[in-house]
Amino acid sequence: VTYDGRSLIVNGQRKLLFSGSIHYPRSTPDMWPSLISQAKLGGLDVIETYVFWNLHEPQPGQYYFSGRRDIVRFIKEVQSQGLYVCLRIGPFIEGEWSYGGLPFWLHDIPGMVYRSDNEPFKFYMQNFTTKIVDLMKSEKLYTSQGGPIILSQIENEYQNVEKGLGDKGPPYVKWAAAMAVGLKTGVPWVMCKQDDAPDPVINSCNGRRCGETFVGPNKPNKPALWTENWTHFYDIYGNTTKIRSPQDIAYHTALFIVRMNGSYINYYMYHGGTNFGRNASAFMLTSYYDQAPLDEYGLIRQPKWGHLKELHAAVKLCSHTLLYGTQTNLSLGALQQAYVYKGEKGECAAFLVNTNDNTNDADVQFQNRMYKLPPKSISILPDCKTVAFNTAKVSTEHITRSRKQAVKLESAETWQEFNEVIAVLDDTSFRSNLLLEQMNTTKDTSDYLWYTTRVNSLGHVLRAFVNGQLVGFGHGLFRNQSFSLEKSVSLKRGANNISLLSNMIGLPDSGAHMERRASGVASVGIGNKDLSNHSWGYQVGLVGEKLQLYTEEGSKKAKWSKFNSSSHPLKWYKSKFDAPGGSDPVALNLGSMGKGEAWINGESIGRYWISFHNLDGSPSQIWYHIPRSFLKPKDNLVVVFEEESGNPLRISIDTVSITKVCGHVSSSNPPTINSYIKRRGRRPRVELHCPPNKNISNIVFASFGSPLGDCTGYAIGRCHSTNSTSIVEKGRRCVQFLGRTECLEVTHAQELQKIC
């Protein structure tokens, strides 16, 4: 693999590559083949993943590469399906991942300064980077060895923090680049968001609008790469989800190709997955990038997946002309432009760009033909004549994802409970006359730290107990994580036990000098008396964590009680259930709970915080993914630790499926790419596809004419063919073809059945 100013060059051929991020530990090994297959079907050439240092080396020199950590198995699965890999080693990755992927033990290395010209950090960073590169080499996974890895990344968005490191920043950048190149992988290295990436490392762009914001390659012999084209916005507790439309993604992708001569575009994320366990960074949801082209469960999210697939196919029709042809630009209007590419053998491709975002179409003339360009859109003409795709015109079906209750856990007889012990000074394991910083005390072994003291006559979340009774709690926000809690309390005569449970919702994942970041209780007082320098006792973690109540073995050893409906905080609950039948994804409905963590058969499916509502009053997340591989056919153990006072009798096991499909196409839509290629009438058409093993059961709405609305809300318009529904009813025919269920028009279905 080499490169020039136009693209990456693989085996002597320039490549225009579409890539998608799928992080191996955010899904399970049994999900990987399907995720990669769907990505390939969506028109991707490359799978991009970070490498997660804190998963692979949780203690110095102790490495783990099995289960969800099995990066070699993941890459070999990508290879088996004929795709390339971009390996983003980092090893600082950010990625909304706990501590940005750094193992917390680095914090205790004397003289440590993260991500700077600091000898201790450089020593351990080089150790881990070399470990990963050597592992890849030993498995012959670099393209230079016949493997799939065509690109690697060192560091991650360092320019964002470089100023904060002062004069230790620039030397570190040069060292990191030289160290990576010196490992001789035989493939190029990239630094994202690092405009001055040292040669021969390629600088790349991250963001939503790299066709407008990227400064471009820092040398004319480097290609324009987009390592993170954000398909969504990461979700945090208390924030309403922001949706990025497929039209916007497609527009900026095409704009990057023509305006920046872009030849590599990676969608971040293509499948987000799940932040299992305690892996999410501060205030991040357990569900990660659920609005990506493949949702958290691995289901295709339409129309995003399909619209991008059509884009990829349209671009690939003219990729050779783009990569090897001569480009000229023509003005079509004040805010309209044509990017025209011509090859040596007369090939011609054009991208007609309308940057105007008003509500009216623009009529433009190109090569003596008239074209309508919707606002903020790009039309792709692979032959400089016929529009094969327009970024604003979505012909792909829309889908509705639903959840169905499969197992109710409503019987009190099926539940048992265990009251978490409220720590008191006499029972704590160590003491201090200062309020200790939380992360340095827990060493990332638990989200929880008890602060306890005794007086005579007080992280991200804090619960305060006086003499075993909850007196109040408070929490911070993603953008303002510090907070104060002030409550009136009644003290008894004599000794009073004060117990404060400080709770982290993930470690930070970004910023300069993370090693200096502080958390936990900063000051405590009663009345005018400052207790900050009082004698404090500390307990790291919960009793239930030490007993491993969430495992089958630990659960059997503990003494559980019958379910009691009293609203006592800090309770562990357990029950058993049988796995739902079928193959649909499974989710745990925790809508009746408050805040805590949940486990299935000893596997943590993540933190939950139902009681922290968005601005519209709704919880940030209710359903929590249970991978099928976590389940047994019978007697699955579910354990929930509830900090507040939720009701486990309303917990249920639900299945997730696609229950509704909708197509909305007008005469101004381009034909599908398949129709364009086969020159089959070149007319727009509606295509609806059932998920595997499912058939269309009912036609809810059909209108040919001028229907109102779109797939989210629709009604009959002024012009309507009265036999629309009956025609579609006749066409409700489904056949199995190439392993996929296709529901087609009657004539096509009959033809297909004859062929089969």
Side-chain angles (χ1 to χ4, degrees), residues 245-247 299-307 309-310 313 359 361 370-372 374 377 379 386-402 404 657-738 740-756:
S245 72
Q247 297 95 319
L299 299 174
I300 289 175
R301 181 172 290 285
Q302 296 282 37
K304 190 172 286 186
W305 181 88
H307 193 55
K309 176 183 179 180
E310 291 282 291
T359 57
D361 291 351
M370 295 303 297
Y371 297 89
K372 279 190 178 293
S377 76
S379 286
T386 306
V387 176
F389 179 83
N390 179 273
T391 59
K393 293 289 186 179
V394 178
S395 299
T396 304
E397 66 192 13
H398 297 239
I399 61 96
T400 300
R401 186 181 69 181
S402 300
K404 181 180 179 181
S657 61
I658 305 304
T659 56
K660 187 176 174 182
V661 292
C662 167
H664 181 221
V665 173
S666 74
S667 58
S668 63
N669 281 58
T672 62
I673 296 298
N674 193 38
S675 296
Y676 179 93
I677 294 172
K678 295 181 178 180
R679 300 179 180 272
R680 196 169 57 194
R682 291 195 171 177
R683 294 168 55 192
R685 53 184 284 164
V686 175
E687 293 185 356
L688 300 179
H689 305 89
C690 305
N693 304 316
K694 297 197 176 180
N695 295 324
I696 293 176
S697 60
N698 183 39
I699 306 299
V700 178
F701 177 86
S703 176
F704 179 76
S706 57
L708 304 176
D710 53 29
C711 281
T712 59
Y714 37 80
I716 291 173
R718 293 182 64 185
C719 175
H720 169 70
S721 174
T722 56
N723 62 353
S724 299
T725 301
S726 62
I727 289 177
V728 177
E729 283 281 2
K730 291 177 183 177
R732 199 182 71 210
R733 300 286 295 277
C734 300
V735 294
Q736 287 288 336
F737 182 61
L738 297 178
R740 184 181 176 95
T741 303
E742 299 282 354
C743 300
L744 308 132
E745 299 171 41
V746 172
T747 54
H748 295 159
Q750 290 171 339
E751 290 172 8
L752 190 56
Q753 286 173 324
K754 288 177 183 177
I755 294 170
C756 291

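The structure presented is a predicted model; accordingly, all values stated were derived computationally and were not measured.
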*Can you list the residues that meet the side-chain hydrogen bond (donor to acceptor under 3.5 Å, both in side chains) rule with Thr359, with sequence neighbours excluded?*
none
*Using side-chain hydrogen bond (donor to acceptor under 3.5 Å, both in side chains) as the criterion, list what pairs up with Asn723, not counting sequence neighbours.*
Ser721
_Using every non-hydrogen atom in the two residues, find where Val686 and Gly663 come nearest and quote the distance to one decimal._
CG1-CA, 4.0 Å
_Test log, rule side-chain contact (heavy atoms from CB on, under 4.5 Å), inputs His689 and Val661_ = CA-CA 8 Å; His689 305 89; Val661 292; over 6 Å; no
*Shortest non-hydrogen contact from Pro374 to Asn390?*
CD-ND2, 3.6 Å
*Measure the OG-CG distance between Ser395 and Asn669 for me, rounded to the nearest 0.5 Å.*
3.5 Å
_Chi angles and distances behind the side-chain contact (heavy atoms from CB on, under 4.5 Å) call for Glu310, Tyr676_ = CA-CA 11 Å; Glu310 291 282 291; Tyr676 179 93; over 6 Å; no
_Run Lys393 and Ser668 through side-chain contact (heavy atoms from CB on, under 4.5 Å) and show every step you take._
CA-CA 8 Å; Lys393 293 289 186 179; Ser668 63; 2.7 Å; yes
*When rounded to the nearest 0.5 angstrom, what distance separates CD1 in Ile399 from CG in Leu688?*
12.5 Å
*side-chain hydrogen bond (donor to acceptor under 3.5 Å, both in side chains) partners of Thr659, counting only residues at least two apart*: Ser402
*About how many Å separate CD of Glu687 and CD of Glu397, when rounded to the nearest 0.5 Å?*
8.5 Å
_Residue pair Val728, Phe701: steps toward the side-chain contact (heavy atoms from CB on, under 4.5 Å) verdict_ = CA-CA 10 Å; Val728 177; Phe701 177 86; over 6 Å; no
_ring pair (Phe, Tyr, Trp, His ring centres under 6.0 Å) against Phe704, all qualifying residues, sequence neighbours excluded_ = none
_Which residues pass the side chain to side chain contact (heavy atoms under 4.5 Å, CB included) test with Lys404, not counting sequence neighbours?_
Thr655
*Please round to the nearest 0.5 Å and tell me the distance separating atom CZ of Arg718 and atom OG of Ser706.*
8.0 Å
*Measuring from Lys694:NZ to Ile658:CD1, what's the distance to the nearest 0.5 Å?*
8.0 Å
*asked:* Taking side chain to side chain contact (heavy atoms under 4.5 Å, CB included) as the definition, give me every residue that meets it alongside Ala313, ordered by chain and number, with sequence neighbours left out.
replied: Ile673
*Can you sort out the partners of His398 under ring pair (Phe, Tyr, Trp, His ring centres under 6.0 Å), two or more places apart, ordered by chain and number?*
none
*asked:* According to side-chain hydrogen bond (donor to acceptor under 3.5 Å, both in side chains), who are the partners of Thr391, at least two apart in sequence or on a separate chain?
replied: none
_Distance-minimising heavy-atom pair for His720 and Ser724_ = CE1-OG, 3.8 Å
*With sequence neighbours excluded, tell me which residues meet side chain to side chain contact (heavy atoms under 4.5 Å, CB included) with Lys309.*
Leu41, Trp305
*asked:* Would you compute the distance between atom OG1 of Thr396 and atom NE2 of His664 and round it to the nearest 0.5 angstrom?
replied: 13.5 Å
*Distance-only side-chain donor-acceptor flag, Asn674 / Thr672, under 3.5 Å*: no
*Could you tell me which residues satisfy side chain to side chain contact (heavy atoms under 4.5 Å, CB included) with Ser667, sequence neighbours excluded, listed by chain and number?*
none
*asked:* The criterion is salt bridge (Lys or Arg N to Asp or Glu O under 4.0 Å); which residues satisfy it with Lys660, sequence neighbours excluded?
replied: none
*Between Val387 and Pro671, which heavy-atom pair has the shortest distance, and what is it?*
O-CD, 3.9 Å
